[in-house]
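The next block holds one structure in the form of structure tokens; read it before the comments.
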Amino acid sequence: MQAFKHAFYHNQCFAYPTEAVFGLGCDPMSQIAMNEILRLKSRPVEKGVILIAASVEQIMPFVHLEKLPLKIQQKALQSWPGPFTWLLPKSKLTPSWVSGDSDLVAVRVSNHPLVQQMCNLVNSPMVSTSANPASLAPARSSEEVRDYFGNELVIVEGSLGEQQTPSTIINGLSLETLRA
């Protein structure tokens with residue numbers, strides 16, 4: 001965990017197991033680390049990434065939940081922790097390299113014990129995007145992460161969660177399911 005903590009606080013990206021696949025992450029406030037993730041993935045910044053957290057409190061500074069009807073707020077809050085990523089109105093704190101070209105930011109409160117431990121260790125959400133170059137399958141092991149990226153980043157060892165597919169993504173404004 002020391003290598004993860006060092007990477008998080010020193011503008012570096014890292015790989016870690018999530019509920020279904022390995023993710024690439026960094027401090028969401030570090031544009032330097034985020035640019036490295038985008039380079040590794042060959043991903044355009046306009047697409048945005050997910051913020052993954054251990055608790056609702058960790059994501060609240062990045063969203064304006066109060067801009068949604070109470071019924072939708074409750075639906076999002078009741079789905080966490082769990083495999084649901086919500087697109088919610090972003091706050092002024094949310095960097096554009098996280099939200100991409102959207103007024104919404106993708107957020108999830110994870111039930112994965114290692115993800116929770118990592119977020120609690122730094123008392124912050126982390127960037128979460130699948131660990132793979134564009135057009136290739138997401139890594140499902142630290143070996144696959146190394147195959148894709150060599151020894152360029154810290155890999156937090158651990159087991160994937162029980163999910164077989166990535167999280168469901170729901171638009172908090174329309175309740176449209178964007179990824180089932």
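In what follows, every heavy atom counts, from backbone to side chain, and hydrogens, waters and symmetry copies are set aside.
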Pro125 to Ile59 - nearest heavy-atom pair and separation: CB-CG2, 4.5 Å
Which atom of Asn111 lies closest to which atom of Gly82, heavy atoms considered: ND2-CA, 3.8 Å
Within 6.0 angstrom of Asp147 CG, more than 12 heavy atoms from elsewhere: yes
Euclidean distance, Tyr148 OH relative to Glu143 CD, rounded to 0.5 Å: 13.0 Å
Contact summary for Ser128 and Thr18, nearest pair of heavy atoms: OG-CG2, 4.2 Å
Criterion side chain to side chain contact (heavy atoms under 4.5 Å, CB included) on Val63 and Ser91, from CA distance to verdict: CA-CA 5 Å; Val63 299; Ser91 75; 5.9 Å; no
Hydrophobic cluster membership, Ile155 vs Leu136, 4.5 Å side-chain cutoff: yes
Within one Ile-Leu-Val-Met-Phe-Trp-Tyr cluster: Val49 and Leu40, side-chain cutoff 4.5 Å: yes
Short side-chain donor-acceptor distance under 3.5 Å, Glu19 and Ser110: yes
same_hphob_cluster(Leu87, Leu65) at 4.5 Å side-chain heavy-atom cutoff: yes
Approximate separation, where rounding is to 0.5 Å, of Ser142 OG and Leu160 CG: 9.5 Å
Reported NE2-to-OH distance for the pair His112 and Tyr16, which is rounded to 0.5 angstrom: 10.0 Å
Considering all heavy atoms, the nearest Pro138-Ser130 contact: CB-CB, 4.0 Å
Parallel, tilted or perpendicular, as decided by the 30° and 60° cut-offs, for the rings of Phe14 and Phe8: tilted
Rounded distance [0.5 Å steps], CE in Met34 versus CG in Asp27: 11.5 Å
Donor-acceptor pair, side chain of Arg43 and main chain of Gly48, under 3.5 angstrom: yes
Check: Leu178 main-chain N/O paired with Glu176 side-chain donor or acceptor under 3.5 Å: no
Exercise: do Thr129 and Lys47 side chains pair donor with acceptor under 3.5 Å: no
Leu38-Phe22 co-clustered via ILVMFWY side chain contacts under 4.5 Å: yes
Salt bridge Glu157-Arg146, side-chain N to carboxylate O under 4.0 Å: yes
Closest non-hydrogen atom pair between Ala131 and Leu24, with its separation: CA-CG, 3.7 Å
Side-chain donor-acceptor contact under 3.5 Å, Ser167 with Thr85: yes
Cluster check Ile50, Val145: I/L/V/M/F/W/Y, side chain < 4.5 angstrom: no
Donor-acceptor under 3.5 Å (Trp97 side chain, Pro28 main chain): yes
Any donor-acceptor pair under 3.5 Å from Lys41 side chain to Asn132 backbone: yes
Heavy-atom side-chain proximity of Leu77 to Gln74 below 4.5 angstrom: no
Short side-chain to backbone donor-acceptor contact, Ser79 and Ala76, under 3.5 Å: yes
Close side-chain approach of Trp86 and Leu68, heavy atoms under 4.5 Å: no
Sidechain-backbone polar pair: Ser102 side chain, Leu104 backbone, donor-acceptor under 3.5 Å: yes
Donor-acceptor under 3.5 Å (Lys67 side chain, Leu88 main chain): no
Exercise: identify the closest heavy-atom pair between Val154 and Ala7: CG2-CB, 4.2 Å
Trace of the side chain to side chain contact (heavy atoms under 4.5 Å, CB included) decision for His64 with Lys90: CA-CA 6 Å; His64 279 304; Lys90 70 179 184 178; over 6 Å; no
Test item: Ile169 and Thr177 side chains (from C-beta on) under 4.5 Å apart, heavy atoms: no
Atom CD of Gln164: over 12 foreign heavy atoms under 6.0 Å: no
Any side-chain heavy-atom pair of Phe84 and Val107 under 4.5 Å: no
Mutual orientation of the aromatic rings belonging to His6 and His10 [parallel < 30°, tilted 30-60°, perpendicular > 60°]: parallel
Any donor-acceptor N/O pair, Asn171 side chain to Ser174 backbone, under 3.5 Å: yes
Interatomic spacing from CE in Met126 to CE in Met118 - rounded to 0.5 Å: 4.0 Å
Approximate separation, where rounding is to 0.5 Å, of Phe62 CZ and Met29 CE: 5.5 Å
Glu144 side-chain N/O to Arg140 backbone N/O, donor-acceptor pair under 3.5 Å: yes
Side-chain (Gln58) to main-chain (Cys119) donor-acceptor, under 3.5 angstrom: yes
